[in-house]
Each structure stands twice: as C-alpha cells, then as structure tokens.
Amino acid sequence: MSLQIFNTLTRTKEVFTPLEDNKVKMYVCGMTVYDYCHLGHARVLVSFDVIVRFLRSQGYDVTYVRNITDIDDKILNRANENGESFTALTERFIDAMHEDEERLSVKKPDLEPKATAHIVEIISMIQQLIDNGFAYAAENGDVYYSVDKFPTYGQLSKKNPEELLAGARIDVADAKKDPRDFALWKSAKSGEVSWDSPWGEGRPGWHIECSAMSTCCLGDTFDIHGGGPDLPFPHHENEIAQSEGATGKKYVNYWMHAGAIRVNKEKMSKSLGNFFTIRDVLERYPAEVVRYFLVSSHYRSQVDYSEESLKEAQSALSRLYTSLRDVDVAATSEAEPALAEEYRNRFQKAMNDDFNTPVALAVMFDLVKELNRAKANGDDYVSSLAILLRELGEVLGVLQLDAEEFLKSSGGFSGDAISESDIDALIVDRINARAAKDWAESDRIRDYLKDEGVILDDRKEGTVWRRG
RNA sequence: GGCGCGAUAGCAAAGCGGUUAUGCACUGGAUUGCAAAUCCACGUAGGCCGGUUCGACUCCGGCUCGCGCCUCCA
C-alpha cells in the first residue's frame, strides 16, 4: 500500500519514491502579492497543506518551501496606481495572506523565500544560462531565454514548440530573437525599482525567481513541485527550461497541480473578475467550513463554489462534530478496539491513492456511525474512537476545535445573533415550562430560538443547543 | 484550430470488470410530550451508439455536451 501521486509530467499516477529515503523536498508556487488571496489560492494553500500533513503523518521528513513573488509588473503597476512604494504594497498583502492562511488552519511552510531576497541567486542562474548557451542579452539590457535551445520545451504542458511559435505573443517593445523566448531579466525603465546586474540595472522576469529559489532551497533536483491549474504553461514549463538549462540535471520528479475553483461553470480568476477573496468568504462562513468544502473534493478536480456547497459543508461538519460532542477526547487510558485499526488503514489507503480526501472523509463518516453506535451502547471504547476520529481529522486540518465550541458558534456570523446568555435564559424558561407540562410555551420558546438559528436537543441529561 | 480533462442517483462526490461508497435532501421504523440528534430500514445512478467479456458505470472505439490550457492569472 504505497503512496501514489498523479504526475502532471506523465499524466499518470506513479508510485512515489523520494530521492532520499524518508525525505521529501517539496516546492509550491505561492502568491504574487499585489492583492488579497481568493478562493483559488485557498485551494492551493489547503491542498498542499493536506499533502504535507499526510506525508508527515506517514513519517516522512518533509521540507516544504512555498515562495512569495514580491517583485513583478503587476506589483509595480498596482503600487503606482496606489501611489505607494512597492514594498509597502507587498508587505500589506503578505500580512493579509498570512492572516488568511492562519484562519484556514494552513500550517506555515518550512521556508517562505521572497524573490527580492534572492536577487543574487537569480542573477547567477541567468549568468549560468548565458554561459551554457541557453540565454542571450539583448541590446536594450533585457536577457531572454532561447526556447529553441531547449529541445524538450513543452514536455510538461504537452505543447508542440512549433505550434507555440504561431500563437506566441509578439510585443514590439522587446528585443526577442524568437517570439517564444521569455524574459529572464528586464532592464529598468527610469524611476523603476531595480538591481544592479552584469546587464545593467533591472529586475528579474517572471519564472526565473522560482527556479532560483527552489534550487537554492532544495537543490538542483527535488521531489515534488506543485501549484495552481494555470501554472503548467508557461510558468512551470519555463522553470524546467531554466533550471535544467542552468544545472544540466533533472529539475523535478513529481509535478502536482490543483484543479480550478469555478463560479457558475467558469474558472474563478482575476482576469474574469469573478473571484471571491478568502476574507469575503470567511465573513459568511466559519473558516473550518470553508476548509471542509475545499477538502471534500479531490484536489485535482474542478469544483464549483456556491452557497449550497458551503451550506452542505456546514451540515456535514456538524455531523462530524456532533458525534464528538460530550465525549472525553483526552481519555488516553482506554484500549483501542481492534476495529479502530481498520478505519485507520482505510483512511491511509485513501490518502495513499493520490491524496483522495473525499474517500478519506467517507471513512471518517463510517467511523462516526461506529462512534455513535458505541455511544448509544455505552461501549467502553467510545473515547478511543473519538480520539481516532480527531486524529484522522488532523490530517485534513479539520475537527481540531472543541465540539461544543464549534456547534455553538457555527452560525453566529451575523452581528445581531442571539447571545449565549439569552439562549441559556430561554432554555431555563423552557425547562420550567416543560416541568409544568406547558407544551405550548415550551414549543413557543423552541420555535423562537429556531428562528434565531438555534436548534435545541433535549437529552436525558438536559437540553443542549447548537447554531445551525 | 492545437493539447488536455470530464460527463455517476434530487444535489454534491468517490472507488470498482460481477458483492453497501460517503454527505445532504427524501420515505418508513425505533427513540421523544412533540421535536432535534442518533440508530435501523429504504435508492438497481452512471451522456449517447457500438465493441471486448459469461458479465461493464468500470476496458476499447466513435459521437454529443461541458470545462481547462494555448495571453497575466492559483
């Protein structure tokens, strides 16, 4: 039962064999920080977070690098529009991104290199490419990669170099020898931020920073490189050309790409303007519900973002948390029943199959049923099943809150939600009414609370409530 | 136009050549003052047309439709 990963390079699931036994070196393309992160970014963030969590749970020693691209055209344009320095802009959005990922329970990568902190490595890689005959400096101070010199160009995106020639963008301002060539170094226009280089003042092109930073952090060859659905071409294709041109070695063994988030069957994207920022969505749904929504489909599939999907995620998560309610999840003395191992194995098997989180969740729901039965029967292994459920949830980054806390907070996002003290007071009133068998009053209170989004649950031990 | 991906029950979403996915919703039962939650029972779904096979949702071919990349985008 070994781990299999779908490799974009071969378009097949392959058995995962790390370069070094038990170690995983992984690089994921992070944000270009000129705006707030949207749900598409959240999907990449959460998907690779789950992947790292699972790998670590399996005993792998993972080095996870996720870069920040903090210098590029869009950043400069935006800073210009805002009349602020580009560093002020990028710092603001880096902070915002960190807030977003923390709220989504995304664990920090081990390294988070920034392009502007790696200009030296970028320049030296460009120089290496020139020395190796893969790049050329143009008259105007730009440096270009000569696509024609890299015979396997197109291997990742399965593009034919000849056909790319026909569709390549032709920009009159640049000095390319071939329209497919792309900029490694862009000469500075007057007044623009720039760094000194052998080719004059300038700044790195898009693509080269990832080659430089990944190689710098992880070595010439590493195990996994990931990113969003729009990155295989041209970004990752260009990274391969750059890194392999510079080092002469294979760049990456396994390429992984997340699927797109869609809105009304269309890809959510900046250019279409149909995106929801993470913070937009977090104003309307608890962070864990958003995370559950992301994890409930396979990372490679396209998913539609909709109100219904989020509501469904909320219901599903409620079922999970309800099963954990009133169970002592700190009791460690209980012996785990034999059947627990079966769930653990099924979960592991699902995740080993290219990180199949929907199946992993199905296993968790089966475990919930088992747990609920055990609770009803008063079995002596209730706690150990609940602990197992949370243990599995931790790999997906869910179920780590106190069940009571989650269930009492999950709907309360409108500022005018009824307070806990008011709820408790009404419940006391209702208990009195019920004691007097005043069912009309009892039901009136319950209906009132229901309108306030509070659902009551009368149990032998007393009345409990949740927001739904 | 080129390259690639997908089409599963009311909705969402998986595995699998023959035996229950799972969640939400629905129906019946248990439970409850009535509910809620929970448990039990219940769903012959797999775009269309052919082929392979004893047997296909699952493999092969064709078709239709949808989506992604080919330009900045996660």
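Owing to the predicted nature of the structure, the values given are computational and were not obtained by experimental measurement.
Checking rC69(B), rC24(B), rA21(B) against the side-chain heavy atoms of Ser315(A) singles out rC24(B) as nearest. Comparing rA74(B), rG33(B), rA13(B) by their closest approach to the side chain of Ser297(A) singles out rA13(B). Among rC3(B), rG33(B), rG15(B), the nucleotide with an atom closest to any side-chain atom of Asn356(A) is rG15(B).
Judged by the 6.0 Å and 45° rule, Lys159(A) forms a cation-pi pair with Phe233(A). A cation-pi contact, defined as under 6.0 Å to the ring centre and within 45° of the axis, links Lys270(A) to Tyr34(A). A cation-pi arrangement is absent between Arg43(A) and Tyr299(A), since the terminal nitrogen or guanidinium carbon is not both under 6.0 Å from the aromatic centre and inside a 45° cone about the axis.
Rounding to whole angstrom units, CG of residue Leu456(A) and P of rA36(B) are separated by 12 Å. What separates CD of Glu312(A) from P of rU22(B) is a distance of 15 Å, to the nearest Å. Remark: P of rC72(B) and NZ of Lys74(A) are 8 Å apart, rounded to the nearest angstrom. As a whole-Å value, the separation of Lys349(A) NZ from rA14(B) C1' is 12 Å. Taking atom NE2 on His207(A) and atom P on rC73(B), their separation rounds to 7 Å, with Å as the unit. The separation between Met351(A) atom CE and rA14(B) atom C1' is 14 Å, rounded to whole Å.
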Could you list the protein-to-nucleotides 37-40 of chain B atom pairs, N/O on both sides, closer than 3.5 Å?
| from | atom 1 | to | atom 2 | distance (Å) |
| --- | --- | --- | --- | --- |
| rU38(B) | OP1 | Arg319(A) | NH1 | 3.2 |
| rU38(B) | O3' | Asn372(A) | ND2 | 3.0 |
| rC39(B) | OP1 | Arg319(A) | NH2 | 3.4 |
| rC39(B) | OP1 | Asn372(A) | ND2 | 3.2 |
| rC39(B) | OP2 | Arg319(A) | NH1 | 3.4 |
| rC40(B) | OP1 | Arg373(A) | NE | 2.8 |
| rC40(B) | OP1 | Arg373(A) | NH2 | 2.9 |

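Comparing Asp72(A) and Asp304(A), the nucleotide of RNA chain B nearest to each residue sits closer to the 5' end for Asp304(A). Heavy-atom nearest nucleotides on RNA chain B were determined for Leu361(A) and for Gly259(A), and the one closer to the 5' end corresponds to Leu361(A).
Rounded to the nearest Å, the gap between the P atom of rA21(B) and that of rC16(B) is 14 Å. On the P atoms, rC11(B) is 15 Å away from rC26(B), given to the nearest whole Å.
In the region residues 268-280 of chain A, proximity to RNA chain B at under 4.0 angstrom, judged on heavy atoms, holds for Met268(A), Ser269(A), Lys270(A), Ser271(A).
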Dump the intermediate steps for ring-ring contact (aromatic ring centres under 6.0 Å, His included) on His207(A) and His236(A), then the final yes or no.
-> CA-CA 8 Å; His207(A) 314 306; His236(A) 290 333; 9.3 Å; no
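Remark: ring of Trp439(A) overlaps the six-membered base ring of rG33(B) in a stacked fashion, centroids less than 5.5 Å apart, planes less than 30° apart.
Partners of Glu91(A) under the salt bridge (Lys or Arg N to Asp or Glu O under 4.0 Å) rule, at least two apart in sequence or in another chain, do not exist in this structure.
Between the side chain of Gln302(A) and the base of rG68(B) there is no donor-acceptor pair of N/O atoms closer than 3.5 Å.
Distances shorter than 4.0 Å separate none of the side-chain N or O atoms of Lys311(A) from OP1 or OP2 on rA12(B).
Counting non-hydrogen atoms under 4.0 angstrom, Ser323(A) reaches nothing in the nucleic acid.
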